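Just so you know, these numbers come straight off a predicted model, no measurement behind them. Residue numbering restarts at 1 for every chain, and letters A, B, ... go by the order of the sequence lines.
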Amino acid sequence: MKLLTFKGGVHPPEKKELSKDSPLENFKIPEKVYLYLVQSAGAPPKLLVEKGQEVKTGQKIAETSSIISSNLHSPITGVVEDITKMFHPILGAPSDLLIIKRTDEKDEWDLLDSIDFEKADSKNLVERIKEAGIVGLGGAAFPTHVKLSPPKEIDTLIINGAECEPYLTVDHRLMLERTEDLITGIRIIMKILKVKRAIIGVETNKRDAIDTLNRFAGNGIEIAPLKTKYPQGAEKQLIKAILNREVPSGGLPMDVKVVVQNVGTAIAIKEAVVDGKPLIERGLTITGEGVKTPKNIVARIGTPIEELIEFAGGYNGTVEKVILGGPMMGIAVPNTSIPTMKGTSGIVVLTREVTGSLYTRNCIRCGRCIEACPMNLRPNVLYKLVKMKRYDDAVNEGLLDCIECGSCAYICPSKIDHVRHLKLGKKVYRALRRGK
Amino acid sequence: MMVRTFKTAAAPHIRHPDDTSKIMRDVLIALIPATIFSGFIFGWYAWILAIVGAFGGELIEYIIIRFFRKDKNFVPDGSASVTGLLLALNVSVKLPLWAFLVGLIFALVVGKHVYGGLGSNPFNPALVGRAFLMISFPVQMTTWVKPYWPKFWMSPWDMVTSATPLALLKEHGFSAASKVSTFDLFIGNVGGSVGEISALLLLIGFVYLLIKKRVTWHIPTSYIGTVLIISTIFWLVNPEKFGTPIFHILSGGLMLGALFMATDMVTSPVTPKGMLLFGAGCGAITMIIRYFGGYPEGVSFSILIMNAFVPLIDSLTKPHKFGEVKQNG
Ligand code: SF4
Ligand code: SF4
């Protein structure tokens with residue numbers, strides 16, 4: 001059978017074996033959580049609590065402030081100890097932070113009521129997802145209620161179980177251990193989007209997950225085995241592979257009648273609708289050669305990374321970098337007091353042996369980056385144009401189509417940092433255009 | 001809780017283990033069989049040229065970068081060794097060492113560093129050096145010695161000169177050129193430049209690079225394929241004047257050029273389609289020069305000419321951006 005896939009991409013070492021057989025474990029409720037107000041793409045929500053106020057687990061503490069924004073709930077029962085600012089690794093600058101401290105052993109939940117989704121209508125379901133503060137758990141953290149209210153007709157729901165980032169295994173574990181919740185979540189989304197067809201795309205390095213899911217398939221839910229290749233889980237590549245539809249340049253999946261949701265998000269949707277649980281905890285993989293016992297865990301949002309690394313047996317070897325997310329697109333944190341966020345799919349601790357030397361040389365025009373680029377761009381040319389500050393030319397060359405997957409920089413024998421420059425180029429171009 | 005601090009750097013945080021210096025190292029390894037063989041055919045001086053080329057090239061580049069471009073952090077990448085060795089393989093053993101060194105300096109300075117160094121030069125530096133030597137030392141560059149397998153102890157000054165098969169073809173027709181058997185052409189028991197003679201050993205080296213995924217098949221295949229097609233047509237028209245296709249493929253610098261010079265990444269197109277076009281252009285120009293030009297051989301000029309077309313080929317063969325053509329599923 002020919003496996004579904006896309007053109008381009010790379011094959012980094014998977015390293016899934018480090019953690020793929022460790023079942024999900026619940027991490028203890030932390031003594032303190034550190035919550036960035038900015039947890040998702042879009043505008044920061046409006047704060048509803050003050051310093052010193054008592055909060056319950058799941059209590060709403062910040063509320064959407066604009067269309068693209070999401071609610072925030074307290075992950076623990078305790079008091080708001082402080083409202084301050086701390087370096088935000090994604091924004092790259094200091095940002096508002098809430099510190100909530102437990103006062104005793106209690107974990108009192110402020111749950112919403114359960115909704116019978118079969119009877120509920122689409123609008124109420126979306127409203128619930130919005131209320132529960134759900135965002136895309138694959139990493140981008142885009143508010144889910146926005147994605148589930150497309151202004152266009154949708155005919156297919158794609159569930160992203162590709163988990164193409166090396167090292168990460170949490171979606172794999174979720175598909176194995178939370179299969180029923182996943183399927184319920186998918187049914188809820190199908191109901192919301194009024195689609196008859198949902199396809200779960202899974203890379204074939206997760207055979208057991210494919211087999212398990214196949215037992216639940218039917219009634220409009222299909223499983224699509226995908227070739228193991230990075231970035232198979234990037235939305236546009238996933239849609240191309242599964243449906244052979246190409247999202248137009250500058251467009252969104254809905255332009256080809258598709259909505260893509262991640263496995264973890266579908267489970268969070270089920271919990272929000274059926275169990276009335278807001279998004280205050282999530283599954284994540286804590287792994288890498290740099291920790292002693294890699295694990296898959298479910299932890300409250302806002303847990304400092306250091307505690308999770310301790311939980312995974314502590315450091316191992318000469319640790320060089322700690323990554324929030326996967327090694328291809330994740331963000332290296334400056335220190336381990338940084339907490340997890342809604343979009344944190346994993347913590348990868350990399351040793352010096354793995355990161356290697358990054359002595360950058362001149363481009364030798366080998367063409368490997370072009371071959372690897374899943375968007376069919378010419379990363380070498382884009383890089384040059386951005387370096388020469390020719391932003392308009394770079395945009396004509398496709399700068400804004402770049403999905404920042406990192407395939408080009410990964411494969412480059414001259415160790416050129418394409419992604420850093422392309423991200424910067426986009427930023428500068430947008431700033432210049434706003435200035436005009 | 002002990003908080004630790006770490007390095008931050010942009011994603012991706014893992015990189016493919018290949019790097020530029022490994023690619024260059026493998027190109028050097030791939031050229032070793034042909035280089036060793038040349039000493040057995042043309043005497044020990046061929047080896048001196050090769051060693052001076054490989055080590056001298058790196059040294060000259062180091063001096064250029066360290067003292068003229070004042071870059072203290074430079075780590076040699078091996079590309080200058082490749083240029084030096086290729087230049088050595090592209091000259092006649094009648095070329096004195098000092099002249100070779102002048103050519104090598106010219107190759108690295110004018111062929112490479114005036115443009116900004118590795119990656120910025122439009123023309124293959126070794127071929128720039130060779131063109132310079134052809135113009136400055138036309139006699140020494142085109143005086144060829146008779147093959148003397150396996151007398152590596154002989155020095156080139158004691159050797160009898162002879163014409164290359166391609167020169168024979170040009171001047172006396174195919175019956176004169178075909179005195180060299182196809183087998184000798186294939187293994188390299190013929191006169192010519194230091195490293196161009198053994199099609200067999202060059203092929204072995206290239207297969208090594210293919211296996212190690214350092215190169216792709218596109219340029220050599222379209223280059224040699226084009227030569228095959230053109231020479232077949234001309235052979236059918238006039239076999240005595242134009243010679244056989246197999247003769248054209250195995251003689252002169254075609255193998256060295258198609259496998260190791262035209263494939264230089266810096267000076268060839270970046271996409272497979274572009275590479276095919278580039279190879280075809282090289283093949284066509286080579287044959288035009290061989291049939292109608294003033295020189296018996298046209299490989300290096302054809303590659304230099306096609307080097308100039310690379311920017312054009314690159315823009316003609318630009319890949320279609322994902323989502324550029326609007327599709328409806
Ligand atoms: S240019 Fe952008 S889309 Fe293409 S490989 Fe590089 S990061 Fe990925
Ligand atoms: S992979 Fe690196 S060296 Fe090769 S063409 Fe791209 S940028 Fe240049």
Side-chain angles (χ1 to χ4, degrees), chain A residues 10 12-13 166 236 240 243-251 256-257 304 306-307 319-323 327-337 350 354-356 358-359 361-367 370 374-378 380 398 401 406 409-415 417 419-420 423, chain B residues 1-24 73-77 79 115-122 213-216 218 264-272 274-275 310 314-315 317-329:
Chain A
V10 290
K236 293 180 179 183
K240 175 77 183 172
L243 295 171
N244 194 24
R245 296 181 194 172
E246 204 162 305
V247 178
S249 169
V256 291
K257 304 189 175 155
E306 185 67 33
E307 289 182 34
V319 174
E320 182 93 348
K321 276 182 178 176
V322 175
I323 317 292
M328 294 296 286
M329 289 184 77
I331 288 173
V333 296
N335 65 66
T336 50
S337 67
L350 297 176
V354 179
T355 55
L358 288 181
Y359 180 78
R361 300 178 189 275
N362 293 353
C363 166
I364 53 167
R365 295 177 34 85
C366 66
I370 300 176
M375 296 305 289
N376 286 345
L377 304 171
R378 301 194 291 181
N380 59 328
D401 289 297
Y410 170 77
I411 205 78
C412 178
S414 292
K415 314 289 166 209
D417 249 337
V419 187
R420 184 161 64 94
K423 277 187 191 171
Chain B
M1 185 177 80
M2 262 276 294
V3 171
R4 283 183 50 172
T5 56
F6 291 102
K7 279 195 185 160
T8 59
H13 305 286
I14 49 173
R15 301 294 180 102
H16 194 279
D18 271 6
D19 72 34
T20 306
S21 52
K22 281 189 201 161
I23 297 176
M24 299 299 166
N73 302 320
F74 174 67
V75 180
D77 51 35
S79 63
Y115 299 104
L118 181 66
S120 311
N121 48 304
K213 295 208 169 87
R214 299 297 191 223
V215 288
T216 63
H218 302 84
D264 170 36
M265 293 163 183
V266 172
T267 56
S268 62
V270 281
T271 61
M275 291 176 189
V310 166
D314 272 349
S315 67
T317 55
K318 192 169 138 175
H320 261 296
K321 273 191 288 181
F322 185 103
E324 200 173 40
V325 210
K326 206 164 178 159
Q327 278 191 1
N328 293 311

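When heavy atoms are compared at a cutoff of 4.5 Å, B:P272 does not approach chain A at all. Using a 4.5 Å cut-off between heavy atoms, A:C366 contacts chain B through both its backbone and its side chain. Residue B:I14 touches chain A through both its backbone and its side chain, counting heavy-atom pairs closer than 4.5 Å. Looking at A:P334, the atoms closer than 4.5 Å to chain B (heavy atoms on both sides) sit in the backbone and in the side chain alike. With a threshold of 4.5 angstrom between heavy atoms, A:V10 does not approach chain B through any atom at all. Of the two parts of B:S268, only the backbone, made up of N, CA, C and O, holds a non-hydrogen atom closer than 4.5 Å to a non-hydrogen atom of chain A. With a 4.5 angstrom heavy-atom cutoff, A:I323 touches chain B only via side-chain atoms. For A:R361, the part lying under 4.5 angstrom from a heavy atom of chain B is the side chain only. For A:M375, the parts lying under 4.5 angstrom from a heavy atom of chain B are both the backbone and the side chain.
Residues B:P12 and A:G406 share a closest heavy-atom pair of CG-O, 3.5 Å. When all heavy atoms of B:D18 and A:K415 are compared, the pair lying nearest together is O-NZ, 2.7 Å. In plain terms, the two heavy atoms of A:P374 and B:F322 that are nearest each other are O-CD1, 3.6 Å. Heavy atoms only, all atoms of each residue included: B:V3 and A:S337 are closest at CG1-N, 3.5 Å. B:G119 and A:R365 make their closest contact through O-CD, 4.1 Å (heavy atoms, listed as atom of the first residue, atom of the second, distance). Closest of all the heavy-atom pairs between A:S414 and B:T20 is OG-OG1, 2.9 Å.
Of the listed residues (A:P12, A:G367, A:C412), the one with the most heavy-atom contacts under 4.5 Å to chain B is A:G367. Residue with the most contacts toward chain A among B:L118, B:T267, B:V75, B:T216: B:V75 (heavy-atom pairs, distance under 4.5 Å). Options A:M328, A:K423, A:K236, A:M329 differ in how many heavy-atom pairs under 4.5 Å they form with chain B, and the most are formed by A:M328.
Considering CG of B:N121 and CG of A:N362, their distance stands at 10.0 Å, rounded to 0.5 Å. Between the NE2 atom of B:H13 and the CD1 atom of A:I331 there is a distance of 7.5 Å, given to the nearest 0.5 Å. Atom-to-atom distance recorded for B:H320:NE2 and A:S249:OG is 13.0 Å, nearest 0.5 angstrom.
A salt bridge is defined here as a Lys NZ or Arg NE, NH1 or NH2 lying under 4.0 Å from an Asp or Glu carboxylate O, and A:R378 with B:D314 fails to meet this definition. The existence of a salt bridge linking B:R15 and A:D417 is confirmed by a sub-4.0 Å separation between a basic side-chain nitrogen and an acidic carboxylate oxygen. At a threshold of 4.0 Å, the pair B:R4-A:E306 does not count as salt-bridged, since none of the basic side-chain nitrogens sits closer than that to a carboxylate oxygen.
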Pair A:K321, B:F6 - check side-chain contact (heavy atoms from CB on, under 4.5 Å), show working.
CA-CA 6 Å; A:K321 276 182 178 176; B:F6 291 102; 5.7 Å; no
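Annotation: B:K22, atom NZ; neighbour count of heavy atoms from other residues, nucleotides and ligands within 6.0 Å is above 12.
Contact check for B:I23 versus A:I364: side-chain heavy atoms found under the 4.5 Å cut-off.
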